[in-house]
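Down below is the structure, laid out as structure tokens.
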Amino acid sequence: MSGTTDCCQDCLHYMFDYETPKTLVIPSIRVGFMFRFTQLLVVLYVVGYVCVVQKAYQETDSVISSVTTKVKGFAFTNTSDMDPRLWDVADYVIPPQGAQSFFVLTNMVITPKQTQSRCPELPSPSTTCVDDCDCIEGHNDPRGSGIQTGLCVNYSSTAQTCEVLSWCPLEIDTKLPEHALLAAAENFTVLIKNSITYPKFKFHRRNIMPHINSSYLKMCEFNHATDPDCPIFRLKHIVSGAGEEFQDIAVKGGIIGITIDWSCDLDWWAGKCYPMYSFRRLDDKHPVRNVAPGYNFRFTKYFKTPNGEETRTLIKAYGIRFDVIVFGTAGKFSIVPTVVNLGAGLSFLSLVPIVCDWFMLTCTRKRDLYSRHKITYLSDNADTESMSMGTTYGTH
Amino acid sequence: MSGTTDCCQDCLHYMFDYETPKTLVIPSIRVGFMFRFTQLLVVLYVVGYVCVVQKAYQETDSVISSVTTKVKGFAFTNTSDMDPRLWDVADYVIPPQGAQSFFVLTNMVITPKQTQSRCPELPSPSTTCVDDCDCIEGHNDPRGSGIQTGLCVNYSSTAQTCEVLSWCPLEIDTKLPEHALLAAAENFTVLIKNSITYPKFKFHRRNIMPHINSSYLKMCEFNHATDPDCPIFRLKHIVSGAGEEFQDIAVKGGIIGITIDWSCDLDWWAGKCYPMYSFRRLDDKHPVRNVAPGYNFRFTKYFKTPNGEETRTLIKAYGIRFDVIVFGTAGKFSIVPTVVNLGAGLSFLSLVPIVCDWFMLTCTRKRDLYSRHKITYLSDNADTESMSMGTTYGTH
Amino acid sequence: MSGTTDCCQDCLHYMFDYETPKTLVIPSIRVGFMFRFTQLLVVLYVVGYVCVVQKAYQETDSVISSVTTKVKGFAFTNTSDMDPRLWDVADYVIPPQGAQSFFVLTNMVITPKQTQSRCPELPSPSTTCVDDCDCIEGHNDPRGSGIQTGLCVNYSSTAQTCEVLSWCPLEIDTKLPEHALLAAAENFTVLIKNSITYPKFKFHRRNIMPHINSSYLKMCEFNHATDPDCPIFRLKHIVSGAGEEFQDIAVKGGIIGITIDWSCDLDWWAGKCYPMYSFRRLDDKHPVRNVAPGYNFRFTKYFKTPNGEETRTLIKAYGIRFDVIVFGTAGKFSIVPTVVNLGAGLSFLSLVPIVCDWFMLTCTRKRDLYSRHKITYLSDNADTESMSMGTTYGTH
């Protein structure tokens, strides 16, 4: 029983005896100052750079967003090719739903009254022919416009081309108007409504800020300097904000990104969370190393003639696609990143004594004295129990 | 040669002599207990909070998603304005493709048989006129409906307004039906198929879970409590899940977010990864500080009259846009965040002796004894070699 | 005054006296080697795994992207149901805008000349009838095709079904062509233009790399092995890259994801940032536990008959939806994650002496000698000042 008690006592001692290093206090101002100064540097780095500048004490979340857009304005065209015509939103915004990405038609090549029929190919080295032998019935040239019928017919008074089965007459898209047809589109406005969420922080917000009232919204127009909160943008200003000229880009089309940056600091002492708008051209306007510059697509309106035949109007639409791109990261104080970053800083504090010890034992005048008192050398031949503290000094 | 050997030996000593602090063991239960207790607190924090609650040992990835939607149902309308008419999916879902965001038409203002022609403006303070002098030919009022022709014509028997060149007759959108035309849309259902990927973990999943069979899918309907895995939603329940009344929102339209939260814990011992659905209204229904409340857009159907003239039906469509918003973060054990978080925790363990030493040398009864044995003071005047261990105690 | 001076001196001493642990140097190769070896392991882990393999010294950002797509090609159909017909991009790509997600029509069920009228329901157990009593006027069966008129009429010479008010004639979508109508779609090509941004690093790039010239772009075709930089893809190769057979998927439709991985290392010594394309089927082709397999939707073309009646062509479109999915994370050296990860590694270095002390005091031959010199035990009865260093050794 006495053995058990001993064992328990040993355990208790093992658990609760406090083992602490013996220390030597050195009254050297130089070494002490160096120690404190190095400590200060580390603390300043951790507090200053990591915490204040980089906000490393925050956990972060990415934005989730929903966007609605609504374009307003109309344009009047009166060219020799077409009847005078008024274009309203339903005509020039495609698709009409007002989604995150919307397209404003600015220029076009219209090919009306196309029907499934036969017509001569557009002249090109591979389609010109002399007689029917040059055209292969059923041939399907990926760069052509349809299936060859095997006949060689007159394209014009001077040229003969293979006949194809296709939507005829064929589109001639080389005659693109040099000045954008809907040049007036530069004065259209777009209202952008954006609702965002940071799900981790259960934080919702809209780009129409609470302090804005309806009457202001009815007449305002976005301006970086004077009206940074107004959600109504003039297309011309968006394009010029992206460093482009509206009338240039309107001819062949392009893609303009409207980026909304919702970088937020959600800590109560900061409470900074509002949208920052910026504009940038997304497609490559560089003429070299580019393919299909500008932005265009073809769409159709289908009609039926009174006798039931299907006919269509093909429109090659050039215009500006506006992509509303919402991004952002919200940060909020959280214990985990704080602990991780403070802990990492503390680790560096543990390097400070190593540096100071090295300095003390190498660079100070009294280094031998310090060394003698700080460090005890166990001599190699101290195998026997006869070794004593005294010898340590002696052998050194 | 003997010098080289010495040098090498010195180097070896420098490399492989082990320097370890001399320590003092203090048999004080109070100090020992405090030491162990503080250690325990730090370990509990690191293991408990960082690892278990915050799962800081995981690396994370963001979800990538693809969504398909398919609405089912039809509605029958029989109002005085229109012929009796059946509306099916192809009529009321715009765009028809079943994308991430789909729109269900619930109310509308239809203006049929518009042609490019001349008609009197809608009466308003700026458009009423007395004679032709009040109207400027070619004037383009952004708030008007078209280009003024310069004539003042009869709008009704009592009012005269400027004539405009536009799509005539003009749309009168003030007569919006008070009860949604397609009120029956509340019983439509939508099937949402969602396929997600966490690219970093090469993890793919669909919202139709493996344990669900076809027969269940054909008849089930989503319900938070009873059928949380069914991917078929009734529109009415989506809207009420967002805290709104379907018949209210159907009149002027709105945007409802269907959020699918794919927060996953991919560690094999957790293996939790299934979609959580929730619903929220995304647009601002607040009548004040709002612009263009509700959700609507205009689209057209183009027709040709037998004599080749283009005519269109303009539809101002009010309805509910449903945005399927998929988000989520997957976590999986990874060595790097584990090491970083454990390392940070260890740093705090190194603070424990500092706290305990301070306690021992300040608050215990035997602090002088402990201090005397733990700390050796090098006296200021220990410049000479004659200083001895004994003086340390004496000068203190 | 002398007291103040003393106090100040005490303060200075407290601030600038340097306290350093007394250490014992042990000339044991085994312990020393173990110490250095363990240190090396920790350093190797931190430098090797954390820094080199996991690049934990980088801060990261998620990609923001804008996509344009442009399909090219045409197909010719000549079936018994339809007139010979050429299909071009404007016919088979829906929507036409060339967005991130585009649909190529490959198969269809066309129901032309539908009008709002009355016709017998499609026969099914719930719609067949014997006389008018079986049909309820105004009944709206969600699985039916319209509103019942209450009459029982002849569907064919053998079957009678309830009459409904609907878009008539009704679509019969059970007769889907077994071979895809637009089988030729496999040879269509698509040009994908992708512009990305890493906002945190203000880094922009396009998937058409600077070293590619226009002439190459005009004739190249993407191939993982030979042309990994060409942005023009043949639909057949996309589908086969996803492990599917084009002609199989074309019949009932499906969704193919084109993922562009922009994982970038933006450090100047790495400078690796180019798109990696891969393809994957996103919908579930598994026939069991599936609902509505494949991918289809219905859309309409609206016409007006010469007498002003609205008629429509309903097209149930089967085809392949291609979703361009852009993801990626860019990493760049940053001081904060570097400090955090180095700090965490340093913490583990502080564990090394603990391990070595334990080894030295437990496993070495001279453990008693080491222990005697390293550790001083304050005896329990050392309450009196008479205790001396010597007793420590003695009581042990």
Side-chain angles (χ1 to χ4, degrees), chain A residues 21-29 31-33 35-36 50 54 56 62 94-95 101 103 116 142 146-147 165-167 255 257 282-284 288-292 295 297-300 302 304 306 314 323 325 327 340-341 343-345 347-348 350-351 353 356-357 374-378 380 382, chain C residues 13 15-27 62 64 66 68 70 72-74 76 83-86 88-91 95-99 187 191 193 195 199 206 208 210 212-214 217-218 231 301 303 306 335-336 339-344 346-347 350 366 369-370 373 375-376:
Chain A
K22 286 185 169 183
T23 57
L24 176 75
V25 172
I26 295 187
S28 156
I29 282 285
V31 176
F33 179 76
F35 178 64
R36 293 297 175 191
V50 175
Q54 296 276 346
S62 288
I94 305 162
S101 174
F103 170 84
Q116 292 278 346
I147 307 290
L165 202 154
S166 183
W167 284 101
I255 306 178
L282 296 177
D283 64 316
D284 197 352
V288 189
R289 64 179 175 76
N290 200 344
V291 59
Y295 183 72
F297 60 90
R298 287 180 179 85
F299 72 96
T300 54
Y302 292 94
K304 271 204 175 143
L314 176 67
D323 284 4
I325 297 172
F327 69 92
V340 168
N341 283 287
S347 294
F348 285 92
S350 74
L351 286 186
C356 291
D357 281 358
K374 177 174 164 58
I375 304 172
T376 311
Y377 289 87
L378 259 188
D380 258 358
Chain C
H13 273 289
M15 276 294 290
F16 291 111
D17 277 0
Y18 179 54
E19 190 170 349
T20 182
K22 287 185 169 183
T23 57
L24 177 75
V25 172
I26 294 187
S62 288
I64 284 170
S66 169
T68 320
K70 190 159 202 168
K72 274 205 172 163
F74 50 82
F76 183 74
D83 295 331
R85 190 188 156 110
L86 184 100
D88 66 6
V89 175
D91 290 323
Q97 287 91 329
N187 284 319
L191 163 66
K193 289 195 201 174
S195 158
R206 295 192 175 85
I208 299 176
I212 295 179
N213 58 38
S214 290
L217 283 175
K218 266 175 193 131
K301 297 173 188 172
F303 302 107
I335 199 74
V336 170
V339 163
V340 167
N341 283 286
L342 283 186
L346 277 178
S347 295
S350 74
K366 301 189 205 166
L369 176 74
Y370 296 156
H373 284 90
I375 303 171
T376 311

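Letters go in sequence order (proteins before strands), and every chain restarts at 1.
Within the 4.5 angstrom heavy-atom criterion, no atom of C:Asn187 approaches chain A. For A:Phe33, the parts lying under 4.5 angstrom from a heavy atom of chain C are both the backbone and the side chain. For C:Phe303, the part lying under 4.5 angstrom from a heavy atom of chain A is the side chain only. Both the backbone and the side chain of C:Ser347 come within contact range of chain A, judged by heavy atoms closer than 4.5 Å. With a 4.5 angstrom heavy-atom cutoff, A:Asp357 touches chain C via backbone and side-chain atoms both. Both the backbone and the side chain of C:Ile335 come within less than 4.5 Å of a heavy atom in chain A. Within the 4.5 angstrom heavy-atom criterion, atoms from both the backbone and the side chain of C:Arg85 approach chain A. Contacts of C:Pro21 with chain A are made by both backbone and side-chain atoms, with heavy-atom separations under 4.5 Å. Interface remark: A:Ile325 contributes side-chain atoms only to the contact with chain C (heavy atom separation under 4.5 Å).
In terms of heavy-atom pairs under 4.5 Å with chain C, the best-connected choice from A:Gln54, A:Gln116, A:Arg36, A:Arg298 is A:Gln116. With chain A as partner, the option from C:Asp91, C:Leu24, C:Ile64 having the largest number of non-hydrogen pairs under 4.5 angstrom is C:Asp91. Of the listed residues (C:Ala344, C:Ser350, C:Gly73, C:Gly343), the one with the most heavy-atom contacts under 4.5 Å to chain A is C:Gly343. Note on C:Val336, C:Thr68, C:Thr20: by heavy-atom pairs under 4.5 Å with chain A, the leading option is C:Thr20. Among the candidates C:Ile26, C:Val89, C:Leu191, C:Val339, the residue making the largest number of heavy-atom pairs closer than 4.5 Å to chain A is C:Val339. Interface summary for chain A: among C:Val25, C:Asn341, C:Asp88, C:Val340, the most heavy-atom pairs under 4.5 angstrom belong to C:Val25.
Distance OG1/A:Thr300 to NZ/C:Lys301: 7.0 Å, rounded to 0.5 Å. Here the CD1-CG distance, from C:Ile208 to A:Asp284, works out to 7.0 Å after rounding to the nearest 0.5 Å.
Residues A:Gly146 and C:Leu86 approach most closely at CA-CD1, 3.8 Å, considering heavy atoms. Counting all heavy atoms, side chain and backbone alike, A:Cys356 lies closest to C:Tyr18 at CB-OH, 3.3 Å. What you find for A:Phe348 and C:Leu342 is that their closest heavy atoms are CZ-CB, 4.0 Å.
Looking at C:Arg206, its side chain does come within 3.5 Å of a backbone N or O of A:Asp283 through a donor-acceptor pair.
Taking 4.5 Å as the limit, every side-chain heavy atom of A:Phe299 sits out of range of all side-chain heavy atoms of C:Pro95.
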Going through the distances and angles, do A:Ile94 and C:Gln97 end up as a side chain to side chain contact (heavy atoms under 4.5 Å, CB included)? CA-CA 8 Å; A:Ile94 305 162; C:Gln97 287 91 329; 3.1 Å; yes

Start with the C-alpha distance between C:His373 and A:Thr376, add both sets of side-chain angles, then the distance that settles side chain to side chain contact (heavy atoms under 4.5 Å, CB included), and finish with yes or no. CA-CA 9 Å; C:His373 284 90; A:Thr376 311; 5.5 Å; no

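Residues that satisfy the ring pair (Phe, Tyr, Trp, His ring centres under 6.0 Å) test with A:Phe103, not counting sequence neighbours, are A:Tyr295, A:Phe297.
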